[in-house]
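A quick write-up on the structure given underneath.
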Amino acid sequence: MADSVDRPASPSKGKGKLKDFSSEFDDLDPVVTYRHIFSPTIGPKHPLRVVALCDCNAFYANCEQVRLGIDPEKPLVVAQWGMLIAVNYPAREFGISRMDKPHEAVKRCKDLIVVHVATYAEGELEPKYHEKPDAKTHKISLDLYRRECIKVVNTYKESLIGGEIEKASIDESFIDFSIPVRDELLRRFPHLKDVPLDAPQGIDTPLPSPPSSVEWPENGNLVPIDPSKFDPSDKTLTTEQVIEAEKDLIPTWHDVCLSIAAELMSRMRKAVFERLGYYTTAGIGRNKFLAKLAASYRKRNTQNILRNSAIPGFLKPMPFQKIRNLGGKLGKALAEEFDAATVGDLLSVDLDEMQRKFGESAIWVYEVLRGIDRSEVKEKPAINKSMLASKNLPNPLSSTAEGPHWIKMLTSELAIRLHEARELTPGLWPKTISLHICEGWSDRKSKQAPFPSPRTVTIDLVLGEAMKLWNEMCKEGWRKGMKITHMGVSFHGITWAEEGQRAIETFLMAAPSRPVLTKDRARSVSVGVRDTSVEPARDVDIDDDSSYSFTCPRCKKEVSVPRKTLAECRNVSGENGDLASELQGNALAALKQEHEDFHFAQDLMRENRPIITNNTASGSGSPKRPVKKQKKGGQASEPAGIAKFFIQKGKT
DNA sequence: CATTCTTTAAGT
DNA sequence: ACTTAATC
């Protein structure tokens, strides 16, 4: 009850007063002007912003069902050791839930298909669907789901022109439809493009009235404005019924935008289903957290539209712990502090009080409770920044000698996954490696170290680095009676290697089998420097500061790698005769290739795929690499596939 | 209602 | 570098 007098006035209207409910959500029908329509960007405060969250339903189960070519209406579950990690919707009809054990589930449904997740057996280089996987000896592989997830996101991209997509988790993506929707809006209502000559406030004049009714797509649900008019347990509530009950309603321009987004979303979900066979559910609303909540309104192969006018009725009875970021400690703290469970319960807490108790987070919470969320849909790099292989140990390790077995298992998987990632994006490399263990129930320890940078991934390399960490850990000793119940190895800071570094590698790989060029010999060799075609060759002086360089037509920057660095990397050689031209050709070709690869990787990381002009379903889901390098050495740079990969073992 | 495995971000 | 928290 501290006085709020000594605090500056809060921006909230009803501050300190008894709340008038209509003012809790006071921005639901903002004025939209021509200026809004013309705005080149549509940020979090724009009144016509439209965001969707689309997630795959029972994704792992759906993946296995598709992989096995099973009828999607057959009940199917995915098991991981003694538990279920995915239950498809037909199986849920039998009352099976993720908390059930596989054997319990089978009791509920005689014909239930139980698929165990793929596992690595000891020493295996790829995961398999083993007959009888054993938690004591095998290691789970979630790779199938990771790969399928990429296909889903790529399909979204191909079927959407010009929107932003953020992959939020393995089976969820946020989509910002604002720009494509605005473009379509102008196509359908071209009169919005012209500010009337007699408009009183020019470009700041409010838009004319929207059409008197909105065509909501058939295949989705409208969250009702007044849920009390309906039986909340009625899962069959249709859009028609909602529209019928809201006959008198005057739609807004934002409603029109939502309906357009719904069409686009529907098209994207259809593409995913037709191409990949995955069912999705989407939520569509004015911002991310509402889109996410709306997605959970009705599930399985559908989409739910949350109009601004429906926000209060939807949000007030909502347990606030369902809101993203309020599911954990913060949510619990709020519940305890204010003895509240629903959003409605917290609306009477004013901003000052909230700030006193929750400091920084208060404004975010305060706004979210009122349906406001300014967070943006931001494209995340397509490449993961970290990679973890971990394992709970059913028989805890009780001696240091048992460590290496599991470390080998975990590092093998990591090496394979890194190698796989590099097939798509050559040059990816982790900055650090770390080893993490749990002793007993809650004693955790971790060690990390910089990861070295040879150019090929081998299991032995990763194993060796992890073993160093393990040995360090062992040296520090264990609590009395060592009991390791969990172990994990991970890569962090996985990024595209530095350009110069990569250029050198490419360069060296281009000439792998030639006699070694010593520094002395290199001094006597002639190499052209700036421009291969124009500048005459001149003597190499290893100590000079000149570079191989060219100007990139795309970014207009001069790209170079110091000649010195290349020379010192040794192995640069050839017969004395045409060595000069060969060297400069190799170096420049490598550098150019490297630079193209750099752009390629950047595009890939930002997921800037070339814009598809028509919706002609192109078969390939992944971007094309730039023109392949013509290698003088005639040697494949990277071994393809796991078989070859293993041959690399033992080499530096 | 608890469990295995992931990934990311942020704090100390 | 190492820990904690949050999400699926």
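Here is the naming used below: chain letters follow the sequence lines, and residue numbers restart at 1 for every chain.
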Out of dT6(B), dA1(C), dT4(B), whichever nucleotide has its closest atom nearest the side chain of Glu413(A): dT6(B)
Is NZ or CZ of Lys288(A) both nearer than 6.0 Å to the six-membered ring centre of Phe174(A) and within 45° of the ring axis? yes
Closest to the side chain of Lys385(A), out of dA9(B), dT6(B), dT4(B), is dA9(B)
Could you please name the option among dC2(C), dT4(B), dT7(B) that lies closest to any side-chain atom of Gln448(A)? dC2(C)
Rounded to the nearest 0.5 Å, what separates atom CG in Asn392(A) from atom CD1 in Ile484(A)? 12.5 Å
Please report, rounded to the nearest Å, how far the C1' atom of dT8(B) is from the NZ atom of Lys378(A). 16 Å
d(CG, Leu410(A); C1', dT6(B)) in whole Å: 13 Å
Among dT7(B), dA9(B), dC5(B), find the nucleotide with the atom closest to the side chain of Leu388(A). dT7(B)
How far does CD1 of Ile165(A) sit from CD1 of Ile175(A), to the nearest 0.5 angstrom? 5.5 Å
Rounded off to whole Å, could you give me the CG-to-C1' distance for the Asn384(A) and dT6(B) pair? 9 Å
Of all the nucleotides listed (dC5(B), dT3(B), dT7(B)), which has the minimum atom distance to the side chain of Ile140(A)? dC5(B)
Closer than 4.0 Å, any side-chain N/O of Thr432(A) to the OP1 or OP2 of dA1(C)? no
Using a cut-off of strictly less than 4.0 Å, decide whether Ser386(A) has a side-chain nitrogen or oxygen near OP1 or OP2 of dT8(B). yes
Would Tyr279(A) and Gln65(A) count as a side chain to side chain donor-acceptor pair (under 3.5 Å) if you check the C-alpha gap in whole Å, the side-chain angles of each, and the deciding distance to 0.1 Å? CA-CA 11 Å; Tyr279(A) 289 114; Gln65(A) 168 255 310; over 6 Å; no
For Tyr366(A), does the six-membered ring have the charged nitrogen or CZ of Arg370(A) within the cation-pi criterion, i.e. under 6.0 angstrom from the centroid and within 45° of the normal? yes
Rounded to whole Å, how long is the line connecting atom CD1 of Ile437(A) with atom P of dC2(C)? 13 Å
Phe451(A) pairs by side-chain contact (heavy atoms from CB on, under 4.5 Å) with which of His492(A), Glu465(A), Lys431(A)? Glu465(A)
Has Arg146(A) got a side-chain N or O lying under 4.0 Å from the OP1 or OP2 atom of dC5(B)? no
If you compare every side-chain N and O of Ser446(A) against the phosphate oxygens of dT3(C) (OP1, OP2), does one of them come in below 4.0 Å? yes
Rounded to whole Å, NZ of Lys391(A) lies from P of dT3(B) at a distance of 15 Å
Please give, in whole Å, the distance from dT6(B) P to Phe59(A) CZ? 15 Å
For Ala135(A), which contact category applies under a 4.0 Å heavy-atom criterion: base, sugar-phosphate, or nothing? nothing
Between C1' of dA2(B) and CG of Asp100(A), the distance in whole Å: 13 Å
From CG of Asp143(A) across to C1' of dC5(B) the rounded distance in Å is 13 Å
Of all the choices, dC5(B), dC2(C), dA1(C), which nucleotide is nearest to the side chain of Leu142(A) once you look at every atom? dC5(B)
Identify all pairs in which a protein N or O lies below 3.5 Å from an N or O of nucleotides 5-8 of chain C, and state each distance.
| from | atom 1 | to | atom 2 | distance (Å) |
| --- | --- | --- | --- | --- |
| dA5(C) | OP1 | Lys329(A) | NZ | 2.9 |
| dA6(C) | OP1 | Lys329(A) | N | 2.8 |
| dT7(C) | OP1 | Asn325(A) | N | 2.9 |
| dT7(C) | OP1 | Gly327(A) | N | 3.3 |
| dC8(C) | OP1 | Lys292(A) | NZ | 2.9 |
| dC8(C) | O3' | Asp171(A) | OD1 | 3.1 |

On DNA chain B, more 5' by nearest nucleotide between Lys101(A) and Ser141(A) is Lys101(A)
Check: Phe59(A) ring centroid to Tyr278(A) ring centroid under 6.0 Å: yes
Of the candidates dA9(B), dT6(B), dA1(C), the side chain of Lys139(A) sits closest to dT6(B)
Quick one: which of Ile150(A), Val117(A), Asn62(A) gives a side-chain contact (heavy atoms from CB on, under 4.5 Å) with Tyr145(A)? Val117(A)
